[in-house]
Amino acid sequence: MRNAEVCAIFRQLAAIMEILGEDPYRIRAYQRAVQNIENLPEDIADIAARGELTKIPGIGKELARKIEEILATGTLQKYEELKQKVPPGLVDILQVPGIGPKTAKLLHQQLGIKSLAELEQLAREGKLKGLPGIGAKTEENIRRGIALLRAVEERRPLGLVLPLARSVVDWLRQNTPAERVDVAGSIRRFKETVGDVDILAASRRPEAVINAFTGMPLVAEVLAQGPTKASVRTGDGLQIDLRVVSPESYGAALCYFTGSKAHNIRVRELAVRQGLKVNEYGVFRGEERIAGLTEEEVYVAVGLPYIPPEIREDWGEIEAALEGRLPELVKLSDIKGDFHVHSRYSDGASTLEEIADKARALGLQWVAVCDHSPSLKVAGGLDVPTLWKKREAVARLNAQSSGVKLLCGTEVDILADGTLDYADEVLAQLDVVVAAIHMGFKQSRQAQTQRLLAAIRNPHVHAIAHPTGRLLGEREPYELDLEQIFAEAARTGTWMEINAYYKRLDLNDVNARAAAAQGVRFVIGTDAHLLEQMEFMELGVGVARRAWLTREQVINTLSYDELIERLRAKKKGKWEG
DNA sequence: GCCGTTTTCGGCCCGACTGTTTTCAGTCG
C-alpha cells in the first residue's frame, strides 16, 4: 500500500502552504484528499493503474497528476520546491496546541525559530512575549502545549475511554440542571481510538452546567471556560470538552458535535445549495429555524434520511443517503452469540458455568468457547485429551441448561508453515474452529499471506481470528496481501473475525469494509479472558457498523439452531458464506 | 485545487473562546 506515502507528502505540503499563507481553499483541497486517500481500502497504485484516480472524491485532474508523479518518482516536484522555503522543523511546531500557521510564521520571521526544540528553549527563557499578539499568557500556553505534546501525543483505545466518558455523562445528569446529556464526538462514532472526550448537554441554565462540569472531582485543570462551552483535563491528561445548548437546538448540536468534521462540511454544503444554513443551533432559512430539536429533523430538513453516527465519515454515506441506499446496520441487539471466548481450560479466568451465566445476563443465546491449542504454551494450550474432557463438560452443561448453549471450539494456532496445531481428525470433532497466528509475526508478506491462505482453505476452519494481528499502540499488523486473503475467504466461505477486544478491533473498519465488498461474511468475537470482557461485544459491533455491515453479513445474529446448521454446512464444503 | 438540476467561473461550513486587542485575529473543533 502506497497510500500512506502519498498522504505524508500531501499533508506536509499542506502544512507548508499554510505557513506560507497560500490560498486556504487550495490547502483544504490537499487536506481533503489526504482524508479520502487514508480511508481507501485498496492500494492507490492499483486505482492509478486503472486510471480511476479522479473517481476518488476530492481528487481532480491536477491532484491525480500529482499522485501519479509521487507513485512514479517517490516525490513531488512542487513539494521539493516549497520545502526549500520553509525550514523542515517549522512544520512540527504546528502540532503545538494554540500554534497555527500565522503564529508559526511569526515565530520564524521574528525569532528565527526553525524547530520544536528551539521554540521550547525560547519559550522557557521567556523570549516569546512582546511579539505582536503574544503576551505572557500565550507564552505560558505554548510552554505547556509543548510539554503536553510530549506527554500525551497518542490517542487512547476507545475501550478504555468509553467507560469514563459514560461516567461523566451520568455525573452530569445527576448533578446539573441539564435536561439531556450525551457523549458526542468520535466516541459516539465508535472510532477505535479517542483523542478527547466530547460531551453535549441541553439546558436552560448553561452556566450552571458549565460551572458544575469544571468543578467535577476528576478535573485536574480547566483549559477554557465560557458561558456555553468548557474544556478540562483529567489527572491522567485526558481532555474533556463540554458544550451546552438550549433544548430546541439539541439535535442540531448533536449533529455538529458528533462530526465527523468532514461529514458536517458535506451536510452544510448540501444545505447551502438549498438556500439553507446549518449550524449547531438548527437548520435555518433566513432567520427562521426550520429544524433542530432532533437529529432526524436536521437530516430531513436538508433532504437526507437519518445517517447513523458510526458512518458519518464522508466515506460515501452522503451519496448513499441521497440515492436511498444506506444500509440497515447491524445492531448490538441483533447479536445472539459470542464467537470467541476463553475459559479456564486455557488462559481464561472463568469456568464454563460462569461464561454461560454471563452470556445469559448479556442476553445471548450461545457462546463459542475457543481455547488455545498446544503450541501456545504460554497460554496453556490444550492437549487433545484435555480437549475431549472439555467437550464432555460442554455437553453436560448444555444438557442441564435449557438456556444459553455453549459450543466447544478452539482458537487453533496457524503454525509457521501454514499447517494447523491440531490434526484434521481432531478439528472435525469440534463445534467451532477459529484459526489464528500468534507467533512468527515477521515473515515476509508473501510467506505470511500463503500461511493464512492455507488456513483459510482448510475445510475445518470456520473463521480466521484477528486476521492482521495488530495491537493498538503496541504492534503493527503483519505484512499481508489482504485483497488475496479476502478473495479466498469469500470463495471458501471462511468467515473473518472482527475481534472486539479493545486493543485489537481486528479486522478494523476499513479492512472489514473491503472484505465485505469481496463478499466475505463476519463473526464477532470478544476474545474475552475475563467475564467482564464479554462486554466488549459493543466495540466489535461498532467496528461492524463503521464497516457498513448489515445483520445478514454477521454470523452472530443467527440463532443457535441456525448457527449449528451453518457450521455443519461449512464442514461439508457447502460454501455458501 | 475541486466542483456544478440555480454555475466550466466563482464560489468553497460555521461559530465559540482566548488573548490581546480597543473591534479583532488566530485557533480550534
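When reading the values below, keep in mind they use all heavy atoms of this one structure, side chains included, and skip hydrogens, waters and symmetry mates. So you know, we letter chains A, B, ... as the sequences are listed, proteins then strands, and number each from 1. Fair warning: this is a prediction, and the values are worked out from it, not measured in the lab.
- In this structure, the separation between CG on A:N36 and CD1 on A:I44 is 10.0 Å, given to the nearest 0.5 Å.
- Listed nucleotides B:dT18, B:dT27, B:dC12 differ in distance to A:N141; the shortest reach to its side chain belongs to B:dT18.
- Rounding to whole angstrom units, CD of residue A:Q31 and P of B:dG29 are separated by 13 Å.
- Across all strands, A:A184 comes closer than 4.0 Å to no nucleic acid atom at all (heavy-atom distances).
- With P as the reference atom, B:dC14 and B:dT21 are 31 Å apart, rounded to whole Å.
- Atom P of nucleotide B:dG26 and atom CG of A:L106 are separated by 10 Å, given to the nearest angstrom.
- Classification of B:dT7 as syn follows from a glycosidic angle within 90° of 0.
- Heavy-atom nearest nucleotides on DNA chain B were determined for A:A104 and for A:I265, and the one closer to the 5' end corresponds to A:I265.
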Which pairs, protein N/O on one side and nucleotides 15-17 of chain B N/O on the other, fall under 3.5 Å?
unit_1: B:dG15; atom_1: OP1; unit_2: A:K277; atom_2: NZ; d: 3.1
unit_1: B:dG15; atom_1: OP1; unit_2: A:N279; atom_2: ND2; d: 3.2
unit_1: B:dA16; atom_1: OP1; unit_2: A:Y281; atom_2: OH; d: 2.6
unit_1: B:dC17; atom_1: OP1; unit_2: A:T228; atom_2: N; d: 3.2
unit_1: B:dC17; atom_1: OP1; unit_2: A:T228; atom_2: OG1; d: 3.3
unit_1: B:dC17; atom_1: OP1; unit_2: A:K229; atom_2: N; d: 3.0

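- Rounded to whole Å, the distance from CG on A:L322 to C1' on B:dT5 is 13 Å.
- B:dC28 atom C1' lies 14 Å from atom CG of A:N264, rounded to whole Å.
- Applying the side chain to side chain donor-acceptor pair (under 3.5 Å) criterion to A:Q12, with sequence neighbours excluded, gives no partner residue.
- For A:F257, the ring-ring contact (aromatic ring centres under 6.0 Å, His included) criterion is met by no residue, not counting sequence neighbours.
- Using a cut-off of 4.0 Å between Lys/Arg side-chain N and Asp/Glu carboxylate O, A:R2 and A:E5 are scored as salt-bridged.
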With a 3.5 Å cut-off and sequence neighbours excluded, list the donor-acceptor pairs that the side chains of residues 63-91 of chain A form with protein atoms.
unit_1: A:R65; atom_1: NE; unit_2: A:E62; atom_2: OE2; d: 3.4
unit_1: A:R65; atom_1: NH1; unit_2: A:E69; atom_2: OE1; d: 3.2
unit_1: A:R65; atom_1: NH2; unit_2: A:E62; atom_2: OE2; d: 3.3
unit_1: A:K66; atom_1: NZ; unit_2: A:E62; atom_2: OE2; d: 2.7
unit_1: A:E69; atom_1: OE2; unit_2: A:Q77; atom_2: N; d: 2.6
unit_1: A:T73; atom_1: OG1; unit_2: A:E69; atom_2: O; d: 2.8
unit_1: A:T73; atom_1: OG1; unit_2: A:T75; atom_2: N; d: 3.2
unit_1: A:T73; atom_1: OG1; unit_2: A:T75; atom_2: O; d: 2.8
unit_1: A:T75; atom_1: OG1; unit_2: A:E80; atom_2: OE2; d: 2.6
unit_1: A:Q77; atom_1: NE2; unit_2: A:E81; atom_2: OE2; d: 3.4
unit_1: A:Q84; atom_1: NE2; unit_2: A:E80; atom_2: O; d: 3.3

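- One interatomic measurement links the two molecules: CG of A:L107 to C1' of B:dT27, which rounds to 14 Å at whole-angstrom precision.
- A ring-ring contact (aromatic ring centres under 6.0 Å, His included) check over residues 271-292 of chain A, counting only residues at least two apart or in different chains, returns nothing.
- Nucleotides B:dT6 and B:dG10, compared at atom C1', are 14 Å apart to the nearest Å.
- Heavy-atom minimum distance, A:I199 versus A:I240: CD1-CG2, 4.0 Å.
- Straight-line distance between the P atoms of B:dC13 and B:dC17: roughly 22 Å, to the nearest whole Å.
- Of the side-chain N and O atoms in A:R268, none sit less than 4.0 angstrom from OP1 or OP2 of B:dC13.
- For the side chain to side chain donor-acceptor pair (under 3.5 Å) test, residues two or more places apart in sequence or in another chain that qualify with A:S246 are A:E248.
- Partner assigned to B:dC28 is B:dG15, using Watson-Crick or G-U wobble distances below 3.5 angstrom.
- Following rounding to the nearest Å, A:E269 (CD) and B:dC14 (P) show an atom-to-atom distance of 9 Å.
- The distance from atom CG of A:L472 to atom OH of A:Y502, rounded to the nearest 0.5 Å, is 9.5 Å.
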Handout entry: Under 4.0 Å protein heavy-atom contact, by nucleotide of nucleotides 6-11 of chain B - B base, S sugar-phosphate only
Key = B-----
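- From A:E476, atom CD reaches atom CG of A:L471 across 10.5 Å, with rounding to the nearest 0.5 Å.
- Sorted by first then second residue, the ring-ring contact (aromatic ring centres under 6.0 Å, His included) pairs that include residues 15-59 of chain A, not counting sequence neighbours, are A:F10-A:Y30.
- Counting any heavy atom pair closer than 4.0 Å across all strands shown, A:V267 reaches no nucleic acid atom.
- When the side-chain nitrogen and oxygen atoms of A:Y30 are compared with OP1 and OP2 of B:dG1, one or more of them lie within a distance under 4.0 Å.
- Residue A:T138 has its side chain nearest to B:dT20 when only B:dT20, B:dC13, B:dT27 are considered.
- Atom CD1 in A:I67 sits about 13 Å away from atom C1' in B:dC2, given to the nearest Å.
- If you measure from atom CZ of A:R266 to atom P of B:dC14, you get 15 Å, rounded to the nearest angstrom.
- Of the candidates B:dT18, B:dG29, B:dC12, B:dG29 carries the atom nearest the A:D196 side chain, counting heavy atoms from C-beta on.
- When the C1' atom is used for both B:dT20 and B:dA25, the distance is 10 Å, rounded to whole Å.
- When heavy atoms are screened at a 4.0 angstrom cut-off, A:I27 is found touching no nucleic acid atom at all.
- Checking A:P57 against A:G98, the closest nucleotide of DNA chain B that is more toward the 5' end is the one next to A:P57.
- Rounded to whole Å, the separation between the C1' atoms of B:dT7 and B:dG11 comes to 9 Å.
- In this view, A:Q274 satisfies the side chain to side chain donor-acceptor pair (under 3.5 Å) rule with no residue, not counting sequence neighbours.
- The residue A:K261 sits close to a base: some heavy atom pair falls under 4.0 Å.
- Applying the side chain to side chain donor-acceptor pair (under 3.5 Å) rule to A:E139 yields the partners A:K129; only residues at least two apart in sequence or on another chain are considered.
- Across residues 80-97 of chain A, A:V96, A:P97 each have a non-hydrogen atom less than 4.0 Å from an atom of DNA chain B (numbered order).
- Between the C1' atoms of B:dT18 and B:dT22, the separation comes to 16 Å (whole Å).
- Looking at heavy-atom distances under 4.0 Å, A:T103 makes contact with sugar-phosphate atoms alone, never a base.
- Straight-line distance between the C1' atoms of B:dC2 and B:dT8: roughly 12 Å, to the nearest whole Å.
- Sequence neighbours left out, the pairs with a member in residues 500-517 of chain A that pass salt bridge (charged side-chain N to carboxylate O under 4.0 Å, His left out) are A:E474-A:K503, A:R504-A:D527, A:D509-A:R546.
- At the heavy-atom level, A:K129 lies nowhere under 4.0 Å from the strands shown.
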